Amino acid sequence: MGHSPLADVWRALSASVFEEMEGWRQEHPQATFKEIEEELDARLSGLRAHMLVDLAQHSEKRDWSGQEQGQRPRCPHCGMPLQARGKHERILSTQGGKDVKLSRSYGTCPQCGSGFFPLDEELDLPCSGLTPHAHQGLVLLGAVVPFAQAAKHLQTLLGVRVSTSTVRRLTEEAGTCLQQWQDQQAHPLTGSSSQEPVHSRLALATDGVLVPIRPKEWAEVKMVTIAEVREGKKKQVAHGEHLSYFARLSDANTFADLASYEMRRRGVERAGEVAALQDGAEWIQSFVQGHRADAIRILDFAHAAQYVSELGELARSQGAVLSASWLQEQLQTLKQQGPRTVLATLEQLCLTFAAPDMHEKLRYLRKREGQMDSPTYQRAGWPIGSGMAESGNKLVVQARLKGAGMHWKRENVNPMLALRTTLGSDRWLQGWHLIRGGWHQSRQTRASQRRAAGVVRAKTRLWLTWLRLPLPLLLACFPSPPAPPRPVSPKGRTQAQRRWGRNVVRPWGS
């Protein structure tokens, strides 16, 4: 096998790294493992960056300006061969704090005017100044921790230094791309049923959680948690596994439409049995009715317990004497015997100790009596609490969007929710593949924006040039229209000539 020039260069560089490390180790015989690791990584990072440059530019699309027209890269929109417009250098930051400098040819389409770098398209480079690996690390950190912390962590882990505003911008752009894809899949005309295997028993837990919105507002994020229901080790104890989430800041009807993709992906409509754990809100009832009308409706036990506790406190405020263990006894009865006895006790309290709101709270529980049959649900192997919804709220929303001092722009909430639900559903690799697929569209959008901005700048320069011209020159650019021709008499003489002919002075004596 022959020796390629690149391989010879790499061998020489690697040999120098080995020699330098050997000499450094002899000079530092007492170095710790951490110091040795840092020194080795620093030297290997330089070799890695050099190899990245050589491998990335080892392509025909690096410099195609000398190729014949039929062999040149073509415009992806109209298929015309590109016209070379010179070479440009691009610098990408990679791990170890090293820079990767790529020199490649730029081309424009003679028909539609689109311009791009064919090598960037082939390498699938992001629009940022980072390599794809560093870009993914930035977005992942930005979706997990606050943006300022993400910038620090990225420098600690990869040695890549970026600003907080860069982390914010790139994270929100990635979330927007993922949100748009999810919304497109939710459309009933484009969405398709998932072919993933479906568990026979699924549970839906739907709830809402408030997030701070700028300037000083709280808005409700609606979220549904989907889980496979399996019996636990103890008898009559069920739990959810393989949880996935979908959340949006929107009204109830829009949320129900957008959540349809996740419902189809998990096979909610194809599952043998489905239970809906909820807090009794009317919009949740409509949500369940629209996606799985035959789902078993279960009122969250903690939510029912809260109403029972509030009724007891209202009765005490009116003079009722209730033991300290009264609430615990009622909840134990509700869990073991069902709602009938508990509702009868609460009704008696309402009749004896009438207080504001007591009858309204009792009507709330009476209306949902069929959803409070905890013994039946437990015997059937269903959970009676929406703990997975509460844990989902904390994991997806509160852990990232409700930090100290955080206030979000309304348009940035859903992109962050798209990233957070993808992470919480353990589908980050699939989600990142979709984000990378949007890089090409992002490059085309940026190119269109640059062209539009260039046209605006050219018009502005033209107007400024006109305004700077002196007034006589401006007037000369807009000459006045020519005067209308004078009327000619039938004899070919003008009126002035005729008048002059009448008053002609003849010589004396003629």
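Every value quoted in this text rests on a predicted model; they were computed, and no experiment measured them.
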Whether the side chain of [X] engages the backbone of [Y] through a donor-acceptor N/O pair (distance < 3.5 Å, no angle test) should be reported.
X	Y	answer
Arg436	Gln136	no
Ser105	Arg62	yes
Glu35	Thr32	yes
Thr171	Arg168	no
Arg72	Gln67	yes
His291	Ser260	no
Arg161	Gln155	no
Lys402	Leu210	yes

Steps toward side-chain hydrogen bond (donor to acceptor under 3.5 Å, both in side chains) verdict (Asp54, His50): CA-CA 6 Å; Asp54 293 340; His50 195 284; 3.0 Å; yes

Worked verdict on Trp428 versus Val139 for side-chain contact (heavy atoms from CB on, under 4.5 Å): CA-CA 11 Å; Trp428 176 254; Val139 174; 3.9 Å; yes

Student check: side-chain heavy atoms of [X] and [Y] closer than 4.5 Å:
X	Y	value
Ser244	Arg266	yes
Leu243	Ser425	no
Arg420	Val396	yes
Leu249	Arg410	yes
Met406	Arg400	yes
Arg292	Met263	no
Leu395	Leu423	no
His133	Leu158	yes

Answer yes when [X] and [Y] have at least one side-chain N-carboxylate O distance shorter than 4.0 Å, and no when they do not.
X	Y	value
Glu22	Arg25	no
Lys61	Glu121	no
Glu38	Lys34	yes
Glu220	Lys222	yes

Thr254/Arg248 under side-chain hydrogen bond (donor to acceptor under 3.5 Å, both in side chains): CA gap, chis, key distance, verdict: CA-CA 9 Å; Thr254 303; Arg248 282 291 184 273; over 6 Å; no

Do you know which two heavy atoms are closest between [X] and [Y], and how far apart they sit?
X	Y	value
Leu434	Cys177	O-SG, 3.9 Å
Ala389	Thr225	CA-OG1, 4.1 Å
Ala56	Leu119	O-CD1, 3.7 Å
Ala275	Trp382	CB-CE3, 3.4 Å
Val229	Pro383	CG1-CD, 4.0 Å
Ala84	Ser65	CB-CB, 3.6 Å

From [atom1] ([X]) to [atom2] ([Y]), nearest 0.5 Å:
X	Y	atom1	atom2	answer
Phe117	Arg90	CZ	CZ	8.5 Å
Leu138	Leu130	CG	CG	6.0 Å
Lys98	Leu52	NZ	CG	13.0 Å
Leu6	Leu55	CG	CG	7.0 Å
Leu299	Asp279	CG	CG	7.5 Å
Asp207	Asp300	CG	CG	8.0 Å

Test log, rule side-chain contact (heavy atoms from CB on, under 4.5 Å), inputs Ile435 and Leu419: CA-CA 10 Å; Ile435 294 172; Leu419 293 172; 4.1 Å; yes

Verdict with supporting geometry, Lys394 and Glu390, salt bridge (Lys or Arg N to Asp or Glu O under 4.0 Å): CA-CA 6 Å; Lys394 296 178 181 178; Glu390 298 296 333; over 6 Å; no

For [X] and [Y], take the angle between the two ring planes, folded into 0 to 90°, and tell me which bin it lands in: parallel under 30, tilted 30 to 60, perpendicular over 60.
X	Y	answer
His28	Trp24	parallel
His135	Trp432	tilted
Trp408	Phe147	perpendicular

Candidate pair Val288 and Val274, rule side-chain contact (heavy atoms from CB on, under 4.5 Å), full reasoning: CA-CA 10 Å; Val288 176; Val274 176; over 6 Å; no

Within 45° cone of Phe116 ring axis and under 6.0 Å: Arg85 NZ or CZ: no

Just checking [X]: does its [atom1] atom have more than 12 heavy atoms from other residues, nucleotides or ligands closer to it than 6.0 angstrom?
X	atom1	value
Glu89	CD	yes
Gln69	CD	no
Asp41	CG	yes
Glu60	CD	no
Trp463	CH2	no

Evaluation steps, side-chain contact (heavy atoms from CB on, under 4.5 Å), between Leu13 and Met51: CA-CA 10 Å; Leu13 290 175; Met51 293 182 67; over 6 Å; no

Stepwise side-chain hydrogen bond (donor to acceptor under 3.5 Å, both in side chains) test for Ser103 and Gln57: CA-CA 8 Å; Ser103 177; Gln57 297 194 141; 4.9 Å; no

